[in-house]
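In this text, all values refer to a predicted model and were calculated from it rather than measured experimentally. Chain naming here is simple, since letters A, B, ... match the order of the sequence lines and numbering starts at 1 in each. What's counted below: heavy atoms across the whole structure, side chains too, no hydrogens, waters or symmetry copies.
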Amino acid sequence: MDSKVRVRFAPSPTGGLHIGGVRTVLFNYLFAKHHGGEFILRIEDTDQSRFVPGAEQYIMDTLAWCGLSPDESPAVGGAYAPYRQSERKQLYKKYADQLIADGYAYYAFDTPSDLENKRNEIPNFQYNKAHRKEMKNSISLSENEVNDLLKNNTPYVVRIIMPEQETLSFNDLIRGEVSFDTSTVDDKVLLKADGMPTYHLAVVVDDHLMKITHAFRGEEWLPSAPVHILLWKYLFGINHMPQWAHLPLILKPEGHGKLSKRDGERLGFPVFAMDWMDPNTKEQTIGFKERGFLPEALINLLALLGWNDGTDKEIFSIDELIAQFSLERVHKGGAKFDYEKAKWFNQEWIKKTSNDQLATLVKPFYDDAQIEVHEPAYLVKVIGLIKDRCHLLTDFITQGSFFFKAPTEIDTASILTKWEEKKQGFFTALTGDYEAMISKGDTQPTAADLEIHFKALAATHEIKPGDLMLPFRIMLVGGKFGPGVFEIIQAIELKDAKERIEYSLKLLSNK
RNA sequence: GGAGCGUUCGACUAAGGGUUAGGUCACCUCCCUUUCACGGAGGUAAUACGGGUUCGAAUCCCGUACGCUCUACCA
């Protein structure tokens with residue numbers, strides 16, 4: 001048996017965490033835990049120009065919320081620290097030097113504008129065998145020229161020499177054998193002018209140093225795989241290379257292409273796991289968490305986007321996912337994201353969650369909506385009454401706020417279509433009866449008792465109860481929704497019910 | 001342009017040479033519900049196209065089309 005399974009998620013801290021990223025984390029995590037291995041978080045902050053303060057913390061907060069905490073990370077440390085590539089900067093140069101010494105890489109002194117000019121001059125310009133002799137580098141220049149440039153501290157990058165017409169293939173855990181002709185990829189930069197490695201060098205060096213056994217990443221990385229394979233071959237030996245798996249992409253719900261932050265804004269659903277505010281632009285992006293998703297539901301729906309266990313089962317806990325997960329059942333093709341189905345997953349998880357737990361989860365949403373919850377037990381009771389009609393935690397506000405304060409918006413239009421004098425009389429009598437019950441001290445009638453009383457009163461007024469139910473409901477909750485009318489009264493109690501009826505009656509008489 | 005990868009109902013997917021191509025979301029109908037939901041019962045709806053191989057193809061092979069990704073001193 002091989003050594004212990006070690007996988008890593010290696011994001012660059014440039015902004016909020018997209019659900020595609022969360023799914024990459026998930027598959028890493030599931031694979032690691034399924035095999036009793038370790039999951040490492042490594043921060044790839046090699047591009048200083050794109051560094052966004054707070055993004056790293058956001059990533060860690062998101063993983064914590066999702067319940068996908070790493071075994072090793074910049075925050076918790078580990079045997080292979082540091083886990084931030086910017087703090088590992090000095091490590092990479094020696095490998096770049098080694099590649100140059102071994103003839104696999106070279107210095108290139110071209111300035112950004114040199115490259116830009118070249119690209120403008122030659123359509124589809126590639127820095128490769130065909131053109132590298134036209135450029136300013138240690139292949140085209142004499143040894144003396146190169147030494148002079150280096151001595152004068154001329155900025156340079158290190159580029160890999162892509163061999164010509166060498167077929168490179170590897171076994172992708174998801175796709176099977178994939179092969180490339182090395183001539184189709186250019187001489188990638190390995191070490192930048194600022195001394196930082198590019199992704200290509202850093203990923204190989206760090207995966208080696210951190211003893212990564214399986215490397216998962218998005219499908220968009222497939223075309224650069226030959227560079228990484230070559231680097232493994234040159235630096236550490238191809239036999240030590242981790243097993244690669246390129247994950248399918250999460251696509252836009254309509255049209256084509258990768259799901260992006262913009263799609264969420266356009267179509268009105270979250271794309272980031274949690275709220276994210278860009279510290280530079282102050283732009284706010286909504287997250288699944290704040291939209292009212294349970295982390296279990298987000299994990300569940302992401303797992304089923306591109307994977308299934310081969311049965312009809314769709315609801316999985318994280319432990320069930322760990323037990324069942326296998327890369328063989330991960331799809332090759334991308335999957336379109338469907339927000340309706342996402343909400344269905346959340347609804348299923350709301351149903352699975354106890355009322356007590358839901359109460360603590362829902363409470364912050366009530367606080368944000370400035371709805372005061374005096375008694376936690378009352379909130380639990382309300383949740384029991386409305387939970388079946390909630391898809392999102394935020395639905396507990398729209399479905400439940402009237403339990404805490406009388407509605408101010410009353411759909412009087414719906415009452416007025418069939419409103420008549422005798423109904424007015426009925427409700428006036430009803431408030432009278434409620435008043436009498438209150439003064440008798442009978443403040444806690446059951447829903448069943450209230451219904452019996454209501455029907456009896458309707459009979460004396462010679463009105464069918466059915467003609468009264470809808471207006472009654474609207475008076476109590478403001479609109480055509482909510483649980484049973486008498487259960488509502490039982491919950492909000494008689495005094496409140498009476499006041500709501502009176503308020504609506506006043507509105508109606510003004511119309 | 002080049003390279004790589006992909007393609008089953010509108011969406012997520014099952015079926016790995018033999019099924020009336022199954023399930024879930026969405027949509028429609030009905031039942032339940034004196035509201036809205038939940039729940040229950042039904043329904044509409046798919047193997048991109050063209051060639052092979054085979055007694056038999058969604059499944060294997062070839063071609064075509066379409067789509068996606070990459071083609072930065074970004075990851």
Looking for any heavy atom pair under 4.0 Å, which part of the strands does Gln399(A) touch: base, sugar-phosphate only, or nothing? nothing

So what's C36(B) paired with, Watson-Crick or G-U wobble, going by both distances under 3.5 Å? none

Using the closest heavy atom to pick a nucleotide of RNA chain B for each, name whichever of Gly484(A) or His331(A) lands nearer the 5' end. His331(A)

Scan every strand shown for a Watson-Crick or G-U wobble partner of A57(B), both distances under 3.5 Å, and answer none if you come up empty. none

Checking Arg389(A) against Phe481(A): charged group under 6.0 Å from the ring centre and within 45 degrees of the axis? no

Name the residue closer to the 5' end of RNA chain B, choosing between Gly479(A) and Val178(A) according to the nucleotide with the nearest heavy atom. Val178(A)

Choose from A72(B), U69(B), A75(B) the nucleotide whose nearest atom is closest to any side-chain atom of Asp186(A). A72(B)

Glu420(A) atom CD, neighbour heavy-atom count above 12 within 6.0 Å: yes

Taking pairing as Watson-Crick or G-U wobble with both contacts under 3.5 Å, can you name the mate of A48(B), or confirm there isn't one? U64(B)

Parallel, tilted or perpendicular: which describes the rings of Trp244(A) and His246(A), with under 30° parallel and over 60° perpendicular? parallel

Among C73(B), C12(B), C38(B), which is the nearest nucleotide to the side chain of Lys341(A)? C12(B)

Which nucleotide in the set C5(B), C25(B), G23(B) lies at the smallest distance from any side-chain heavy atom of Trp344(A)? C25(B)

Who does G10(B) pair with, Watson-Crick or G-U, both distances under 3.5 Å? C25(B)

Using 4.0 Å as the upper bound for N to carboxylate O, is an ion pair formed by Asp186(A) and Lys188(A)? yes

With respect to the side chain of Arg50(A), which nucleotide from C74(B), A3(B), C73(B) is positioned closest? C74(B)

Minimum-distance nucleotide to Lys480(A) side chain [options: U35(B), C73(B), A75(B)]: U35(B)

Determine the interplanar angle of the Phe293(A) and Phe288(A) rings, folded into 0 to 90°, and report it as parallel if under 30°, tilted if 30 to 60°, perpendicular if over 60°. perpendicular

If you measure from the Lys or Arg side-chain nitrogens to the Asp or Glu carboxylate oxygens, is any gap between Asp207(A) and Arg8(A) under 4.0 Å? yes

Phosphate-side-chain proximity, Ser224(A) and U71(B), N/O vs OP1/OP2 below 4.0 Å: no

C73(B) phosphate, OP1 or OP2, under 4.0 Å from Arg159(A) side-chain N/O: yes

Are Lys192(A) and A75(B) close enough that a side-chain N or O sits under 4.0 Å from OP1 or OP2? yes

Phe125(A) atom CZ is separated from G2(B) atom C1', nearest whole Å, by 15 Å

Look at the side-chain N and O atoms of Lys351(A) and state whether any lies under 4.0 Å from the OP1 or OP2 oxygen of G39(B). yes

Tell me the interatomic distance from Phe486(A), atom CZ, to U33(B), atom P, rounded to whole angstroms. 15 Å

Could you tell me whether Ala193(A) contacts a base, only the sugar-phosphate backbone, or nothing, with contacts defined as non-hydrogen atoms closer than 4.0 Å? base

So if I take every side-chain heavy atom of Glu44(A) and compare against A75(B), C73(B), G4(B), which nucleotide ends up nearest? A75(B)

Between C36(B) atom P and Ile386(A) atom CD1, what is the distance in whole Å? 17 Å

Looking only at side-chain atoms of His391(A), point me to the closest of C38(B), C36(B), A3(B). C38(B)

Between Ile350(A) (CD1) and C38(B) (P), how many Å, whole number? 12 Å

Nearest to the side chain of Glu348(A) - G39(B), C5(B), U69(B)? G39(B)

Rounded distance (Å) that lies between atom C1' of C74(B) and atom CG of Asp47(A): 5 Å

What is the distance from CG of Asn171(A) to P of C5(B), rounded to the nearest Å? 13 Å

When you measure from the side-chain N and O atoms of Lys258(A) to the phosphate of C70(B), is any distance below 4.0 Å, counting only OP1 and OP2? yes

So what's G1(B) paired with, Watson-Crick or G-U wobble, going by both distances under 3.5 Å? U71(B)

Among A75(B), G6(B), G23(B), which is the nearest nucleotide to the side chain of Tyr199(A)? A75(B)

I want to verify the glycosidic state of C38(B); is it syn or anti under the 90° rule? syn

Sugar-phosphate, base or nothing in reach of Ser179(A), heavy atoms under 4.0 Å: sugar-phosphate

Reckon Asn308(A) has a side-chain N or O less than 4.0 Å from the OP1 or OP2 of U13(B)? no

Between C1' of G16(B) and CZ of Arg329(A), the distance in whole Å: 10 Å

To the nearest Å, how far apart are Leu190(A) CG and A72(B) C1'? 14 Å

Quick one: look up who G16(B) pairs with, Watson-Crick or G-U, both distances under 3.5 Å, and put none if it's unpaired. none

Is the centre of the Tyr156(A) ring less than 6.0 Å from the centre of the Tyr107(A) ring? yes

Is Arg119(A) salt-bridged to Glu116(A), going by a charged N under 4.0 Å from an acidic O? no

Let's see if you can work this out: which of A3(B), A75(B), C73(B) has an atom nearest to the side-chain heavy atoms of Val157(A)? C73(B)

